Amino acid sequence: MAFLLNCPNCGQRNVYDFRFGGEVLTRPAPDASNEDLTAYLYGRENADGPQREWWNHNLGCRKWFVAVRDTHTNEVIETSWAPDISVPNAEESDGQ
Amino acid sequence: MQLFTHNTMWRRYPLKDRYDVVIIGAGVHGLSTAYYLAKQGVTNVAVIDKGYVGGGASGRNTAIIRANYLTREGVPFFRESLKLYEDLSKELDFNLLFDQSGRLDLGHTDSAVFGLRMRTGVNRLLGVDSQMIGPTEIKKLVPAIDLRRGKNLPVMAALYQSSAGVVRHDAVVWGYGRGADRLGVEIHPFTEVTGIVREGGRVTGVDIGDQRIRADTVMSATAGWSSNIARMVNLTLPLVTHPLQAFVTEPLKPFINRSVSSANLHVYVYQTDRGEVVVGGGVDPYSSYSQRSTLHTLEELAANTLELFPFLRGVNVLRQWAGLCDMSPDYAPIMGEVDGQPGFLLSCGWGTWGFKAGPIGGYTMAELIATGKTPDLIKPFNLRRFAEGKLVNERAAAPAAAVH
């Protein structure tokens with residue numbers, strides 16, 4: 001199902017304007033164990049529900065930003081520049 | 001006398017408290033596993049599905065069977081699946097409308113043709129009847145095609161696998177379901193697994209709401225929803241679920257009797273026995289569990305189909321749909337035991353290539369469950385390959401899935 005994404009710079013645009021960058025991951029330290037590196041490289045939460053994920057406004061301002069999207073319904077819960085994004089389902093999340 | 005003593009494909013049973021094997025997911029992989037298990041004498045088996053039988057990717061794929069893959073792990077696996085498909089109507093005593101009509105993978109650029117030549121070489125080495133053919137031969141096999149001479153992306157050559165074909169996907173699911181039922185397997189549709197039981201360091205059963213069901217072996221065959229099942233045993237899989245869309249037109253007079261695929265145009269096309277033109281493409285460019293289709297993809301698929309078959313302009317679209325693909329990083333399945341999770345088996349990572357692997361996937365998983373030994377054919381597909389850095393890199397699995 002198609003949907004609109006709210007680019008923090010350009011506003012609401014069709015999802016096909018954007019490039020999907022996958023779920024937001026935390027990079028492990030350089031000296032991390034093989035297990036942690038494998039989990040980072042290949043392991044994916046693949047959430048069936050709210051997911052914090054990267055998007056690039058490919059056919060617009062070409063900036064990367066972060067969205068929280070419910071992957072079950074494709075409802076976009078919020079979008080923002082990366083450092084300001086709240087964690088999905090976190091109590092302190094104030095939505096949008 | 002009752003003329004029809006068996007008027008449904010499978011019987012309904014109350015859930016028992018214990019089975020030898022519980023299989024989650026009543027699609028082609030779950031049911032073929034149950035069928036081959038029962039043939040080996042393991043009949044105390046329940047196949048459980050939260051929805052109807054064959055309602056996931058098994059009923060939403062585009063029913064194409066082929067074995068023209070790229071790797072030494074992938075080619076023999078899909079070759080053996082094709083062999084099982086060849087005899088499957090007889091095996092299941094059920095007409096699967098299997099049509100071994102051949103398949104062309106078109107190359108429109110030098111680099112695409114190079115890739116097809118590489119696949120042809122690997123295929124012939126490993127016993128798959130692929131061959132490279134030029135535009136004249138392509139036109140003979142598919143007279144309706146526009147070879148695009150003098151246009152952008154001309155058809156330069158094709159990989160032709162004559163033993164590839166099309167099989168009625170629902171019939172495969174129903175055939176395996178009926179076959180398993182006749183051998184004593186229980187099929188439980190509309191029954192959702194809500195938890196997986198772990199005791200003493202091993203998986204010992206599943207919870208269906210309040211009801212606990214014990215089993216020596218629990219196998220997940222849930223494709224697009226595999227990450228949800230794996231979460232029940234605190235396992236994170238290297239899978240991302242993407243929808244894949246397809247559509248079908250109104251019936252036309254027969255004009256093509258082979259399936260044609262173009263990696264450059266991200267589209268594949270064939271005509272069904274009813275005359276409908278089936279068109280599929282790559283996975284959607286973002287992950288999702290929504291099985292709804294988009295106008296954008298319909299327009300894109302239609303436009304690219306017209307590049308090959310311009311006369312289809314003006315033909316009406318009947319239906320468009322989407323199914324979920326659990327894409328793995330190396331385009332190969334994830335099968336077998338899971339380290340640290342005794343009693344739990346995976347059959348996932350079926351991405352865009354699961355239906356064609358249905359028979360051999362079930363056959364090998366059944367052998368693993370019945371004997372406790374992993375068949376050589378699926379050893380390379382174990383989950384531990386990611387930690388060991390032994391990825392399979394089956395790029396030819398998804399020539400149309402370029403955006404993933």
Side-chain angles (χ1 to χ4, degrees), chain A residues 1-7 12-28 32-60 64-77 79 88-89, chain B residues 50 222-232 234-243 245 283-300 320-322 324-330 332 334 339-340 348-349 351 383-392 403-404:
Chain A
M1 189 183 76
F3 53 92
L4 299 177
L5 264 171
N6 189 25
C7 169
Q12 297 267 3
R13 297 292 166 89
N14 187 317
V15 62
Y16 290 103
D17 261 21
F18 299 86
R19 183 188 164 88
F20 179 61
E23 64 189 59
V24 174
L25 303 164
T26 308
R27 188 191 290 259
S33 65
N34 186 45
E35 195 182 7
D36 288 345
L37 287 168
T38 302
Y40 170 69
L41 273 176
Y42 302 115
R44 295 293 179 266
E45 208 43 51
N46 196 21
D48 185 358
Q51 171 169 275
R52 199 168 169 239
E53 57 193 22
W54 287 107
W55 288 89
N56 176 250
H57 197 181
N58 202 29
L59 301 181
W64 282 95
F65 62 96
V66 173
V68 178
R69 177 179 59 111
D70 186 328
T71 61
H72 200 82
T73 59
N74 285 342
E75 182 200 354
V76 180
I77 298 160
T79 56
N89 291 330
Chain B
K50 70 174 176 178
T222 50
W225 297 270
S226 296
S227 295
N228 291 348
I229 298 296
R231 250 188 287 282
M232 295 176 183
N234 296 323
L235 184 66
T236 305
L237 296 174
L239 296 176
V240 181
T241 296
H242 284 256
Q245 300 185 39
V283 296
D284 283 359
Y286 46 85
S287 73
S288 182
Y289 286 81
S290 165
Q291 296 187 97
R292 292 177 65 179
S293 48
T294 65
L295 180 62
H296 175 97
T297 298
L298 178 63
E299 288 178 335
E300 204 171 71
Q320 186 192 6
W321 68 93
L324 300 187
C325 303
D326 47 331
M327 303 299 290
S328 59
D330 58 355
I334 298 169
D339 294 336
C348 63
L383 178 63
R384 72 175 75 90
R385 73 177 181 269
F386 297 98
E388 292 175 347
K390 291 178 181 166
L391 274 65
V392 175
V403 287
H404 166 63

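What's counted below: heavy atoms across the whole structure, side chains too, no hydrogens, waters or symmetry copies. Only a predicted model underlies this, so the values are computations on that prediction, with no experimental measurement involved. In what follows, every chain begins at residue 1, and chains take the letters A, B, ... in the order their sequences are listed.
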Q: Relative to chain A, which segment of Gln291(B) carries a heavy atom at a distance below 4.5 Å: side chain, backbone, both, or neither?
A: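 Neither part.
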Q: How close do Asn74(A) and Ser290(B) get, counting heavy atoms only, and between which atoms?
A: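 Looking at all heavy atoms of both residues, the shortest contact is ND2-CB, 3.9 Å.
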Q: Specify the closest pair of heavy atoms between Thr71(A) and Ser288(B), including all atoms of both residues, with the distance to one decimal.
A: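 The answer is O-OG, 3.2 Å.
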Q: Quick check on side-chain contact (heavy atoms from CB on, under 4.5 Å): which of Val240(B), Asn228(B), Asp326(B) does Asn46(A) satisfy it with?
A: Val240(B)
Q: Give me the ring orientation class for Tyr289(B) and His72(A): parallel if the planes are under 30° apart, tilted from 30 to 60°, perpendicular past 60°.
A: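 Judged by the thresholds at 30° and 60°, the geometry between Tyr289(B) and His72(A) is parallel.
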Q: Is it the side chain or the backbone of Asn34(A) that comes within 4.5 Å of chain B heavy atoms, both, or neither?
A: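 When you check distances to chain B, only side chain atoms of Asn34(A) fall under 4.5 Å.
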Q: Heavy-atom pairs under 4.5 Å with chain B are the metric here; pick the option from Asp48(A), Leu37(A), Thr38(A) that has the most.
A: Asp48(A)
Q: Name the region of Ala39(A), side chain, backbone, both or neither, that has any atom closer than 4.5 Å to a heavy atom of chain B.
A: neither
Q: For Glu45(A) versus Thr236(B), what's the shortest heavy-atom pair and its separation?
A: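 Looks like N-CG2, 4.2 Å.
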Q: Just so I know, are the side chains of Pro285(B) and Tyr16(A) near enough to count as touching, which here means a heavy-atom distance under 4.5 Å?
A: yes
Q: Are there over 12 heavy-atom neighbours, none belonging to Glu35(A), within less than 6.0 Å of that residue's CD?
A: no
Q: Answer yes or no: is there a side-chain heavy-atom contact under 4.5 Å between Arg44(A) and Ser287(B)?
A: no
Q: With heavy-atom distances below 4.5 Å as the criterion, would you say the side chains of Phe3(A) and Thr294(B) are in contact?
A: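 A side-chain contact is absent here, since even the closest heavy-atom pair is not under 4.5 Å.
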Q: Is the shortest side-chain heavy-atom distance between Tyr286(B) and Glu53(A) below 4.5 Å?
A: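 No, side chains not in contact.
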Q: So for Leu391(B), is it side chain, backbone, both, or neither that comes closer than 4.5 Å to the heavy atoms of chain A?
A: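 Interface part for Leu391(B): side chain.
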